[in-house]
2 protein chains.
Amino acid sequence: MDREVGVAQSSKREQLIQAALELFSLTGYSTVGVNAISEKAGVTKKTLYHHFKSKEELILAVLRYYDERSRNSFMRSVEEKAENSQERLLAVFDVVEEWFNSKNFSGCLFVSAMGEYPEEGASIRSVCQESKLMTQKYIQSLAENAGLQDARELSEQLMLLIEGSITMAQVNNSSLSAVRAKKAAKVLIQSSVSP
Amino acid sequence: MDREVGVAQSSKREQLIQAALELFSLTGYSTVGVNAISEKAGVTKKTLYHHFKSKEELILAVLRYYDERSRNSFMRSVEEKAENSQERLLAVFDVVEEWFNSKNFSGCLFVSAMGEYPEEGASIRSVCQESKLMTQKYIQSLAENAGLQDARELSEQLMLLIEGSITMAQVNNSSLSAVRAKKAAKVLIQSSVSP
DNA sequence: CTCTAAGTATACCAATCTGTATATTTTTTA
DNA sequence: TAAAAAATATACAGATTGGTATACTTAGAG
């Protein structure tokens with residue numbers, strides 16, 4: 001009955017998600033058709049609709065898949081880059097810079113999704129909110145472990161710098177914004193250590 | 001020959017741009033058809049294609065129109081809110097907050113456009129770049145007039161806070177990010193006045 | 001070995017999309 | 001007032017969209 005056991009847990013399903021992810025990153029959501037997605041995945045359209053009951057459901061699956069994978073690799077990279085929490089708080093911006101320089105970068109997938117499907121009060125928006133929230137919580141935990149004052153507020157402000165640098169990197173096709181954000185972050189952190 | 005003289009400089013053309021602007025703000029670009037636009041403008045599709053030779057040209061016209069109008073009203077609001085340049089540098093964030101609270105707010109139109117038409121190396125991307133650049137220059141001029149050190153770098157960092165707050169306001173449907181950005185901005189400005 | 005779920009292949013549907021054609025009417029301007 | 005430009009009304013073209021239907025094949029599990 002349930003074939004999703006063992007090692008190859010989700011062959012076709014994951015192929016579809018990955019294919020869709022690539023296409024959505026390149027040209028957005030509504031401009032990419034289900035035909036193109038199934039074709040790229042090397043799978044029939046019928047199979048696509050066997051795994052996802054609509055295009056919107058596929059989009060949601062893509063966002064959740066991307067969210068989990070990207071944040072995991074983000075945190076791993078941060079922890080590889082620095083030993084203690086204080087340094088990691090700044091290493092965040094180095095990882096962000098690397099992301100900007102990677103060839104797949106084309107802005108934030110969640111923000112793009114919300115721009116194209118703004119009314120989705122329930123699903124798409126909430127996935128996006130959740131993703132940003134978990135990133136903020138992670139940064140907050142770094143700030144707390146570093147013994148900084150008002151870790152919550154500081155982490156929210158650092159989020160603003162991160163999100164701003166994402167936008168500017170996309171607009172100007174440059175990773176310079178990450179360097180600038182790091183410089184600003186240093187100032188904010190410094191003012192948080194000395195009240 | 002050229003009917004665009006006198007007071008009513010562009011009746012139908014402007015109707016089209018305004019109608020398209022409203023629709024694009026609500027549901028993005030590719031999901032809105034030219035039929036819906038011309039209908040909302042109270043104009044024939046033929047008339048639309050008389051003024052704009054393609055949908056993409058209409059999008060560009062909308063972005064340019066919006067860019068000019070929004071930045072003008074932005075600067076006017078800032079200058080109404082505060083007398084001197086130092087105060088205006090912070091008043092920027094109050095104006096941003098008001099924008100977030102306005103009912104038309106749905107994120108940055110330029111960023112959304114770039115998300116949906118990423119390849120447009122020439123036109124759409126450059127309009128967006130230009131818009132952000134002029135905003136940054138304006139903030140830089142405020143910083144210079146306030147006699148702050150390293151006005152260029154400071155203005156770029158403040159831009160990050162602004163753009164980040166736009167994203168977070170869109171995501172969380174809240175204007176709180178503007179308040180947070182203002183607090184962070186105070187710290188950055190302070191550290192720029194005392195080297 | 002048989003049953004069933006998952007897959008392919010292919011064709012189709014109705015709706016919508018951008019953009020155009022034709023013929024007529026309104027408005028502007030010279 | 002007459003020529004020219006801009007608008008309307010309406011229909012259509014060709015492509016593409018999300019999603020479905022039918023018939024057949026493969027493969028895994030009990």
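Below, chains carry the letters A, B, ... as their sequence lines are ordered, and counting in each starts from 1. Remember, predicted model here, so these are calculated numbers, not experimental data.
A:K53 places its NZ atom 17 Å from the P atom of D:dG18, with the value rounded to the nearest Å. In this structure, B:R13 places its CZ atom 18 Å from P of C:dT28, rounding to the nearest Å. We find that NZ of B:K12 is positioned 9 Å from P of C:dT27, with the value rounded to whole Å. Atom P of nucleotide C:dT8 and atom CG of A:L48 are separated by 11 Å, given to the nearest angstrom. In this structure, the CG atom of A:N35 is 15 Å from the P atom of D:dA15, given to the nearest Å. Going from atom CZ of B:F52 over to atom P of D:dA7 covers 11 Å, rounded to whole Å. In this structure, CD of B:E14 is placed 17 Å from P of D:dA6, rounded to the nearest angstrom. Summarising the geometry, the separation between CD1 on A:I37 and C1' on D:dG19 is reported as 13 Å, rounded to the nearest angstrom.
Ion pairing of B:E144 with B:R152 is absent here, as no side-chain N (NZ or NE/NH1/NH2) approaches a carboxylate O to less than 4.0 Å. Here B:K183 pairs with A:E153 in a salt bridge; the nearest charged N to carboxylate O distance falls below 4.0 Å. Taking a cutoff of 4.0 Å between a charged side-chain nitrogen and a carboxylate oxygen, A:R76 and A:E80 do not qualify as a salt bridge.
Looking at the side chain of A:Y49, the nearest of the listed nucleotides C:dT8, C:dT20, D:dT20 is D:dT20. Taking the side chain of A:H50 as heavy atoms from C-beta on, and the options C:dG7, C:dT22, C:dA9, the nearest nucleotide is C:dG7. Of the listed nucleotides (D:dG18, C:dA21, C:dG7), D:dG18 has the atom at the smallest distance from the side chain of A:V34.
For A:K45 and C:dT8, a side-chain-to-base donor-acceptor distance below 3.5 Å is absent, hydrogens and geometry of angles not being considered. With hydrogens and angles ignored, no donor-acceptor pair closer than 3.5 Å exists between the side chain of B:K55 and the base of C:dG19.
Proximity of the aromatic rings of B:F110 and B:Y66 is defined here by a centroid distance below 6.0 angstrom, and this criterion is met.
Listed pair A:S54 / D:dG18 fails the phosphate criterion, with no side-chain N or O lying under 4.0 Å from OP1 or OP2. Taking side-chain N and O atoms only, A:H51 has a distance below 4.0 Å to OP1 or OP2 of C:dG7.
Nearest-nucleotide mapping onto DNA chain D: of A:Y29 and B:T44, the residue sitting toward the 5' end is B:T44.
In plain terms, the two heavy atoms of A:Y29 and A:E116 that are nearest each other are N-OE2, 3.0 Å.
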